[in-house]
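Each ligand, and each atom within it, is numbered from 1 in the order the structure gives.
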Amino acid sequence: MLLLAAVERVIARPESSAFAQQTQKPRVPFRVPSVDELKDSTYRASALRGRAILLATRDSLRHNVGNSLRCASCHLDGGLRRDAMSWVGSFARFPQYRARSGTVDLIEDRINDCFRRSMNGRALAPAGRDMRDIVTYLAFLSSGTPVGAETEGQGLPRLQPLKGDPVRGATVFTTVCSRCHGANGQGTPLAPPTWGPHSFNVGAGMARINTAASFIHAVMPIDRALHLSAQQAFDVATYINTRPRPDFPAKARDWPRGGKPDDADYHVLPTTSQEKSR
Ligand code: HEC
Ligand code: HEC
């Protein structure tokens with residue numbers, strides 16, 4: 001028992017990243033496997049149902065989604081676009097130690113993180129049919145990717161952090177974003193909300209300024225990406241992420257072993273009950 005505790009301490013030290021740096025991870029090109037590659041089978045039916053959930057999350061799983069987003073609202077082109085938080089190759093990188101949870105997360109844990117935070121909703125039963133179908137589709141999107149490999153174009157191209165100005169950001173929002181996201185960030189038929197009661201909650205990755213700025217710089221406006229300067233992206237990200245949005249009380253348990261990033265300050269005002277009833 002003592003020995004086991006000692007081993008755990010060694011492994012959990014700051015960090016497994018030291019270990020990760022020592023291990024050369026294979027890197028593979030970005031390749032989207034086509035569902036046509038799947039023969040007619042129960043596997044294919046499960047993968048296609050999983051894909052349908054990711055594309056129409058709210059309509060598929062009303063009890064688990066607490067806002068107006070779908071998984072593909074942020075994982076663009078249904079998670080198939082490189083440099084836009086693609087799911088191509090994700091499955092192959094799990095299980096994975098994550099500092100936010102302080103544990104080794106399974107892909108199911110990661111998916112439920114986005115359900116609870118990005119979708120401001122409730123976790124799926126890890127062994128239920130919905131989770132199984134989503135995981136089957138994500139596993140299919142990692143076809144041919146070696147376990148643990150990095151995929152080119154994974155995640156987001158990260159910008160160097162800059163200090164954002166919410167006043168300038170409000171101007172960017174009004175002139176560039178509001179035509180799709182609405183004057184008050186409430187969403188329109190063209191695009192989902194960016195703040196308010198129907199948006200992601202304060203515990204979401206997108207509620208962090210650096211993540212939001214990198215995302216916005218890389219892919220927004222959706223019809224004219226890379227149109228904003230890095231400074232404008234930080235300004236508008238700071239504006240969006242200082243507007244009210246739903247709280248996430250379980251945030252108090254995040255980063256239990258330290259390593260909290262600077263932009264995860266959770267300073268955002270939770271949505272008031274008055275706004276909720278609107
Ligand atoms: C509000 C935006 C947003 C929405 C909506 C969203 N996510 Fe995410 N998701 C993120 C962010 C941000 C990350 C972290 C990306 C990074 O750091 O590169 C992420 C990461 C992930 C990952 C890990 C990817 C990897 O390669 O490590 C998975 C899997 C995932 N999300 C699944 C989902 C699912 C399933 C849904 C719907 C239930 C969903 N996401 C909805 C923002 C979102
Ligand atoms: C031409 C319309 C359009 C414009 C202009 C636009 N967006 Fe978007 N945006 C979208 C669409 C559509 C999505 C969701 C994509 C999907 O569901 O496939 C989206 C998604 C997002 C998301 C993630 C989901 C969410 O709503 O939280 C953020 C954040 C975002 N946009 C921010 C911005 C910002 C900031 C600007 C201005 C710099 C901007 N967008 C301009 C259409 C637009």
Side-chain angles (χ1 to χ4, degrees), residues 50-51 53-58 60-61 64-65 67-79 81 83-94 96 98 100 105-124 130-131 134-135 137-138 141-142 145 150-151 153-158 169 172-182 185-196 198-201 204-208 210-225 227-228 232-233 235-241 245 261:
R51 182 178 68 173
I53 293 173
L54 299 171
L55 296 181
T57 322
R58 190 182 166 80
S60 311
L61 301 173
N64 300 89
V65 176
N67 62 19
S68 315
L69 302 186
R70 57 181 190 146
C71 302
S73 297
C74 299
H75 300 278
L76 293 188
D77 296 348
R81 195 196 297 184
D83 294 329
M85 308 195 302
S86 170
W87 290 314
V88 172
S90 294
F91 177 87
R93 291 193 295 278
F94 285 84
Q96 182 188 105
R98 297 185 64 237
R100 186 169 70 184
D105 285 349
L106 305 177
I107 187 98
E108 289 88 339
D109 300 317
R110 187 67 192 84
I111 289 167
N112 273 336
D113 267 352
C114 273
F115 268 102
R116 294 166 66 229
R117 298 160 186 262
S118 301
M119 311 296 282
N120 191 35
R122 278 190 266 176
L124 297 181
D130 302 321
M131 181 62 88
I134 293 174
V135 171
Y137 181 60
L138 295 188
L141 290 181
S142 284
T145 308
E150 304 278 321
T151 299
Q154 76 183 46
L156 287 169
R158 291 276 167 175
V172 175
F173 192 86
T174 309
T175 50
V176 185
C177 321
S178 63
R179 71 185 157 103
C180 294
H181 289 284
Q186 76 279 20
T188 73
L190 292 178
T194 41
W195 69 84
H198 307 295
S199 183
F200 52 86
N201 67 39
M206 199 59 82
R208 288 169 45 192
N210 295 352
T211 302
S214 300
F215 173 85
I216 292 164
H217 185 255
V219 300
M220 290 294 145
I222 208 161
D223 55 355
R224 224 178 142 198
H227 163 75
L228 300 183
Q232 286 174 313
D235 291 345
V236 75
T238 304
Y239 175 64
I240 288 175
N241 281 338
R245 62 178 62 260

When you compare the side chain of [Y] with that of [X], does any pair of heavy atoms fall below 4.5 Å?
X	Y	answer
D235	T238	no
T194	C177	no
H227	P221	yes
M131	N112	yes

Please report whether ligand 2 has a polar contact with C180, defined as an N or O pair separated by less than 3.5 Å (distance criterion only).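 No, C180 has no N/O under 3.5 Å of an N/O on ligand 2.
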If you measure every N or O of R70 against every N or O of ligand 2, does any of those distances drop under 3.5 Å?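 Yes, since at least one N or O of R70 sits under 3.5 Å from an N or O of ligand 2.
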Using a heavy-atom cut-off of under 4.0 Å, does the side chain or the backbone of [X] touch ligand 1, or both, or neither?
X	value
I134	neither
H75	side chain
E108	neither
D113	neither

Testing R98, R110, R93, R100 for salt bridge (Lys or Arg N to Asp or Glu O under 4.0 Å) with D105, which one passes?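 Answer after filtering R98, R110, R93, R100: R98.
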So is [X] in contact with ligand 2, going by heavy-atom distances below 4.0 Å?
X	value
I240	yes
S199	no
L190	yes
F215	yes

Suppose we measure from [atom] to each protein heavy atom; which comes out shortest, and what is that distance?
atom	answer
atom 2 (C) of ligand 1	C74 SG, 1.9 Å
atom 32 (C) of ligand 1	W87 NE1, 3.3 Å
atom 26 (O) of ligand 2	P193 O, 2.7 Å
atom 27 (O) of ligand 1	F94 CE1, 3.9 Å
atom 36 (C) of ligand 2	C177 SG, 2.8 Å
atom 39 (C) of ligand 1	C114 CB, 3.3 Å
atom 23 (C) of ligand 1	R110 CG, 3.5 Å

Check each heavy atom of [X] against ligand 2 and say whether those closer than 4.0 Å belong to the side chain, the backbone, both or neither.
X	answer
R179	side chain
A212	neither
L76	side chain

Check ligand 2 against [X] and write out every atom of the ligand that is under 4.0 Å from a heavy-atom position of the residue.
X	result
D223	1 (C)
L228	38 (C)
F200	27 (O)
A191	10 (C), 11 (C), 42 (C)

Can a non-hydrogen atom of R116 be found less than 4.0 Å from any atom of ligand 1? no
Counting only heavy atoms, tell me which of [options] gets closest to [atom].
atom	options	answer
atom 33 (C) of ligand 2	M85, M220, R245	M220
atom 16 (C) of ligand 1	R208, M119, R158, Q154	R158
atom 24 (C) of ligand 2	G78, S73, A72	S73
atom 7 (N) of ligand 2	H217, H181, H227, Q232	H181

Would you say C71 reaches atom 8 (Fe) of ligand 1 with an N/O/S atom under 2.8 Å? no
So, the side chain of N64 versus the backbone of T57: is there a donor-acceptor pair under 3.5 Å, distance only? no
Would you say N201's side chain and R116's backbone share a donor-acceptor pair under 3.5 angstrom? yes
Any N or O of Q96 that comes nearer than 3.5 Å to an N or O of ligand 1? no
